[in-house]
Amino acid sequence: CTTSSSISESFLQCFSSHIHSKSTSKIILTRKSSSYSSVLHSSIQNLRFLNTSTPQPEAIITPFRYSHVQAAVICSKKEGIQIRTRSGGHDYEGLSYISKSPFIIIDLFKLRSIDIDIKNERAWVESGVTLGELYYAIAQKSKVYGFPAGICPTIGVGGHISGGGFGTLFRKYGLAADNVRDAKIVDVNGRVLDRKSMGEELFWAIRGGGGSSFGVILAWKLELVPVPPSVTVYTESKTIQQGATKLISRWQAIADRIPEGNFLRLVIQGANGDGTNGGKTIQVIFNFLFLQTVEKLLPWMKENFPELSVEQTKFAEMSWIESVLSMADIQRNKTEVLLQRTQQSKRFFKAKSDYVTKPISEAGLEGLWHIMLQLDTSLLILSPFGGRMSEISDSETPFPHRKGNLYEIQYYVSWDDDKETEKHISWTRRVYGYMAAYVSKSPRAAYLNYRDMDLGMNKDTNTSYKQASLWGLSYFKNNFRRLAQVKTLVDPGNFFRNEQSIPVLPYGE
Ligand code: FDA
């Protein structure tokens, strides 16, 4: 086992012998390399993990060929060094670049090819590609195709798709993971496998079960989906004094049943108010994406949300790629911003997630406002399910949150000063405690891509299935055991592990 503060000579020798080259300095960044820190920090999105006490890797491998990834896996295993695989670095708890044991990072940012085939509605996309780069590349080829994945353009496809991945098109087409047709992965023995050679069980596991427990995903083959030439973004906000609580009740009754895969998202946040509550209030932003023209949807809006304004200025018709920018809060004519790989401003943040299966009463919402008013930066994002999500069975992929869910809530807080960390994290626990009465139970479900270490952690290499069930059943429900079976089959020595990796089952279980 390596204990030195830098990568061992034997690792370097092993690596160069596997890639048949002595010149590894462009691929392996050791702590002495001038670009080590800038590469390490470049895709860290959460400032909670960008400080001097965060454990740092012994080296960062920056592969630009698949053989580099193979060599990294083979040599780390041989030397007893752990691996952290990073694509876009958005992991909420930093699991793609932090480990308590000696480790290296395989950072896939140089594996970025995108091969779009509009005729066959397919694309091969390497793991280091961001969603923004993918959406941009599709739009360059066609205005009437898109891909159903997340809203934030800097997310990496490697982590995102392996954890599920949802955004504005998921009520129409399902998750990003539902639209994967093939994949390439480096397994624990350093082999490059595709769907055929990895087999259907491993192919099932990596589409929602999180890639990091099973290998290093190199690329995805995606099914592109048709989008209308013109879609409509609607944005309106109301405070609770303006009747927002009643409007949320109405929204809860219909948001998962709206036809055409339309996406009616709510963003709820603290705001300056009218003097009551110490000058603060709660503001609800109705942030909708309709896959229709304004003309077609107006009658529906008037009938279902008569209290919401239907002035023309609230609606904006645009191409699908412009809606990607608009929903991500980027100016519509700045398509090139999609190619920026890091967020414009980075902050400290903590998030948690819940699934709502029965509408929350107005009294329940009022209690929630009370807790939100205790913290200026409190933010909730409510994403309606239903549509295509209810048609796909819970076991089709490891992502089990399908039929029966009205919407998902993300509780999200961000801040700028490390001294504020405790206060903000405590707030997320308080709101989560309050919401227990109103959300899914037994297990209380959570979304893997909104990773939350409060749910539980693997203590060591041999964490049992029972111990891991603490967090595993929340993310995967009845699919957790099957994930553990796949893990036992493909990585019985538990080489690919982290604080929330899938456990190996004891012999015979
Ligand atoms: P990162 O590189 O940190 O990886 C995340 C996890 O996947 C880690 O465990 C990592 O080891 C593993 N992994 C990464 N690449 C791998 C590979 N090639 N092979 C094997 N394992 C790999 N989600 C969503 O569904 N919809 C949304 O709209 C958003 N929006 C959003 C906004 C912001 C600002 C953030 C920070 C996050 C989101 N997310 C989201 C959550 C996002 O989907 C989630 O964090 C993904 O795991 C991020 O994938 P990255 O590759 O960027 O992360």
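One-based numbering along the sequence shown. Ligands are counted one by one from 1 in listed order, and the atoms in each one are counted from 1 as well.
Which parts of ligand 1 touch Gly150 is read off a 4.0 Å heavy-atom cut-off, strictly below it: atoms 26 (N), 27 (C), 28 (O). Of all the atoms in ligand 1, the ones that sit under 4.0 Å from a non-hydrogen atom of Arg451 are 9 (O). Applying the 4.0 Å criterion to heavy atoms of Leu108 picks out, from ligand 1, the atoms 18 (N). Here is the list of ligand 1 atoms found below 4.0 Å of a heavy atom in Gly211: 20 (C), 21 (N). Residue-ligand proximity, Arg86 to ligand 1, at heavy-atom distances under 4.0 Å covers atoms 2 (O). Residue contact check: Ser96 has heavy atoms under 4.0 Å from atoms 1 (P), 2 (O), 3 (O), 4 (O), 8 (C), 10 (C), 11 (O) of ligand 1. Each of the following atoms of ligand 1 lies closer than 4.0 Å to a heavy atom of Val216: 19 (N).
Ranking the protein heavy atoms by distance from atom 21 (N) of ligand 1 puts Ser212 N, 3.3 Å first. What sits closest to atom 41 (C) of ligand 1 on the protein, heavy atoms only, is Asn449 O, 3.4 Å. Summary of contacts: the protein heavy atom closest to atom 34 (C) of ligand 1 is Gln343 NE2, 3.6 Å. Looking at atom 37 (C) of ligand 1, its nearest protein heavy atom turns out to be Tyr92 CE1, 3.2 Å. The protein heavy-atom contact nearest to atom 6 (C) of ligand 1 is Asp91 OD2, 3.5 Å. Summary of contacts: the protein heavy atom closest to atom 45 (O) of ligand 1 is His90 O, 3.1 Å. When only non-hydrogen protein atoms are considered, atom 50 (P) of ligand 1 lies nearest to Gly88 N, 3.5 Å.
With ring centers used as reference points, Phe480 lies under 6.0 Å from Trp471.
Residue-to-ligand polar distances place His160 within reach of ligand 1: an N/O pair is separated by less than 3.5 Å. Polar contact with ligand 1: absent for Ser162 (N/O pair, distance under 3.5 Å). Considering backbone and side-chain N/O atoms, Gly89 comes within less than 3.5 Å of an N/O atom of ligand 1.
A salt bridge does not link Asp394 with Lys477: none of the charged nitrogens is closer than 4.0 Å to a carboxylate oxygen. Using a cutoff of 4.0 Å between basic side-chain nitrogens and carboxylate oxygens, Arg402 and Asp178 are scored as salt-bridged. Of the charged side-chain nitrogens involved, none lies within less than 4.0 Å of a carboxylate oxygen, so that Glu396 and Arg207 do not count as a salt-bridged pair. Taking 4.0 Å as the cut-off between side-chain N and carboxylate O, Asp107 and Arg86 count as a salt-bridged pair. A salt bridge is absent between Glu93 and Arg451: the closest approach of a Lys/Arg side-chain nitrogen to an acidic carboxylate oxygen does not fall below 4.0 angstrom. The existence of a salt bridge linking Lys403 and Glu391 is excluded, since no basic side-chain nitrogen approaches an acidic carboxylate oxygen closer than 4.0 Å.
Looking at Ser127 against ligand 1, only its side chain comes within 4.0 Å, counting heavy atoms. At a 4.0 Å heavy-atom cut-off, ligand 1 does not touch Asn46 at all.
Residue Lys110 places its NZ atom among more than 12 non-hydrogen atoms of other residues, nucleotides or ligands, all under 6.0 Å distant. No more than 12 heavy-atom neighbours from other residues, nucleotides or ligands sit within 6.0 angstrom of CG on Asn478.
Proximity annotation for atom 16 (C) of ligand 1: of Ile83, Val186, Thr85, Thr85 comes nearest, heavy atoms only. Between the choices Ile217, Ile151, Ile155, the shortest heavy-atom distance to atom 30 (N) of ligand 1 belongs to Ile155. Of the listed options Gly159, Cys152, Gly156, Gly159 places a heavy atom closest to atom 7 (O) of ligand 1. One option in Tyr450, Phe496, Phe170, Phe166 has a heavy atom closer to atom 23 (N) of ligand 1 than any other, and that option is Tyr450. Taking all heavy atoms of Gly165, Ser414, Ser87 into account, the minimum distance to atom 15 (N) of ligand 1 is reached by Ser87.
A heavy-atom separation below 4.0 Å is found between Tyr447 and ligand 1. Using a 4.0 angstrom heavy-atom cutoff, Arg84 does not count as in contact with ligand 1. Proximity of Ala149 to ligand 1 is not established, as no heavy-atom distance is less than 4.0 Å.
Remark: Arg112 fails to qualify as a cation-pi partner of Phe109 under the 6.0 Å distance and 45° angle criteria applied to the six-membered ring. The cationic atom of Lys184 (NZ for Lys, CZ for Arg) lies less than 6.0 Å from the six-membered ring centre of Trp124 and within 45° of the ring axis.
In the model, Lys350 has no side-chain atom that pairs as donor or acceptor with a side-chain atom of Asn46 under 3.5 Å.
Screening Phe476, Tyr355, Phe166 against Tyr447 for a ring pair (Phe, Tyr, Trp, His ring centres under 6.0 Å) leaves a single residue, Phe166. A ring pair (Phe, Tyr, Trp, His ring centres under 6.0 Å) with Tyr407 holds for exactly one of Phe263, Trp251, Phe385; it is Trp251.
In this structure, Val439 and Tyr411 approach most closely via the heavy-atom pair CG1-OH, 4.2 Å.
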